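A quick note: this is a predicted structure, and the numbers were derived from the prediction, not measured. Just the heavy atoms: all of them, side chains too, but no hydrogens, waters or symmetry mates, feed the values below.
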Amino acid sequence: MSSSKTVDAILDGYRAFVAGDLGTDAELLDPDIEWFSVAPEQPPADLGEVQTILTARHADAYRIELERCIGNGEDVLVAFRAAGVEKDLDDDRPVQSRRTFTIGRYWAIVTVREGRVVRVRDYPGLRPGLEALGLDESAL
């Protein structure tokens, strides 16, 4: 698969998630997917765990803003920001007027084979992700 087709597969999955089409996202996931956390002691998530996470993130109405999608063969470095509404846990009113947006940043290398995501490996930042992809910041 060329880098452009691999990136296109990732973009299709991103657009499907944003549109709430988790069925399309499920079709993009290989049955034997492995999702590796930044924490090396944590075992990789399998298909069921990945689908549970995606469903939960969608139910929580996470707003995802894709910043970068850099392909290198079957690997794609993705970088995005996630924002969600967090209720004030000290406020027991059913309709809260005080809410804060929590923003997290995320980096991972996604491996796509034959149009399906077979592996995701999380990274603590853009630079380590680029290094793992075999690139440096001058490539940006």
Side-chain angles (χ1 to χ4, degrees):
M1 203 170 204
S2 72
S3 288
S4 65
K5 287 184 181 180
T6 304
V7 168
D8 286 345
I10 299 302
L11 291 174
D12 288 346
Y14 166 73
R15 289 182 192 111
F17 181 84
V18 169
D21 182 1
L22 298 181
T24 293
D25 280 338
E27 291 173 10
L28 290 171
L29 301 175
D30 189 85
D32 296 321
I33 188 173
E34 293 181 301
W35 195 313
F36 296 87
S37 165
V38 173
E41 70 279 358
Q42 187 172 349
D46 63 13
L47 179 62
E49 293 166 314
V50 171
Q51 289 177 317
T52 298
I53 291 167
L54 291 175
T55 300
R57 296 300 179 257
H58 186 265
D60 290 340
Y62 271 37
R63 226 180 37 217
I64 306 296
E65 298 171 8
L66 190 62
E67 293 180 325
R68 296 186 188 271
C69 204
I70 304 165
N72 188 8
E74 63 183 14
D75 294 324
V76 178
L77 174 62
V78 296
F80 65 79
R81 293 177 185 259
V85 176
E86 182 178 320
K87 292 183 179 182
D88 182 347
L89 298 177
D90 296 325
D91 186 346
D92 61 356
R93 296 177 295 169
V95 180
Q96 294 182 25
S97 59
R98 294 175 290 161
R99 295 180 183 214
T100 58
F101 280 90
T102 359
I103 297 178
R105 299 199 63 188
Y106 176 81
W107 302 269
I109 291 182
V110 181
T111 303
V112 178
R113 289 192 190 117
E114 298 177 17
R116 299 188 111 180
V117 175
V118 296
R119 183 177 53 243
V120 179
R121 184 169 301 274
D122 296 346
Y123 288 90
L126 180 62
R127 184 172 292 140
L130 281 169
E131 288 172 3
L133 193 62
L135 302 172
D136 61 32
E137 290 184 61
S138 67
L140 302 177

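No side-chain heavy atom of N72 sits under 4.5 Å from any side-chain heavy atom of I70. At least one side-chain heavy atom of L66 sits less than 4.5 Å from a side-chain heavy atom of L11. The shortest distance between side-chain heavy atoms of V50 and L29 falls below 4.5 Å. Counting heavy atoms from C-beta on, the side chains of T55 and L22 come closer than 4.5 Å. At least one side-chain heavy atom of V118 sits under 4.5 Å from a side-chain heavy atom of R113.
With values rounded to the nearest 0.5 angstrom, E27 atom CD is found 11.0 Å from D12 atom CG. Put simply, CG on D75 and OG1 on T6 are 8.0 Å apart, with the number rounded to the nearest 0.5 Å. Between the CG atom in L77 and the CD1 atom in I10 there is a gap of 10.5 Å [rounded to 0.5 Å]. Note that the CG atom of L133 and the OH atom of Y123 stand 8.5 Å from one another [nearest 0.5 Å]. Between the CG atom of L130 and the CG atom of D136 there is a distance of 7.5 Å, given to the nearest 0.5 Å.
The two residues A26 and R116 come nearest to each other via the heavy atoms O-NH2, 4.4 Å. In this structure, Y62 and A82 approach most closely via the heavy-atom pair CD2-CB, 4.0 Å. Taking each heavy atom of V120 and Y106 in turn, the nearest pair found is CG1-OH, 3.7 Å. When all heavy atoms of V18 and I64 are compared, the pair lying nearest together is CG2-O, 4.4 Å.
Without hydrogens or angle criteria, E49 side chain to D46 main chain gives a donor-acceptor distance under 3.5 Å.
With respect to the salt-bridge test (charged N to carboxylate O, under 4.0 angstrom), the residues E34 and R119 do not qualify. Ion pairing of K5 with D8 is absent here, as no side-chain N (NZ or NE/NH1/NH2) approaches a carboxylate O to less than 4.0 Å.
The cluster map of Ile, Leu, Val, Met, Phe, Trp and Tyr, joined by side-chain heavy atoms under 4.5 Å apart, puts Y14 and V110 in the same cluster.
Looking only at atom types and distance, the side chain of W35 has a donor-acceptor partner in the side chain of D122 under 3.5 Å away.
Applying the side chain to side chain donor-acceptor pair (under 3.5 Å) test to R105 and every residue at least two apart in sequence or in another chain returns E67.
Below 30°, between 30° and 60°, or above 60°: for H58 and F17 the angle between ring planes is above 60°, a perpendicular geometry.
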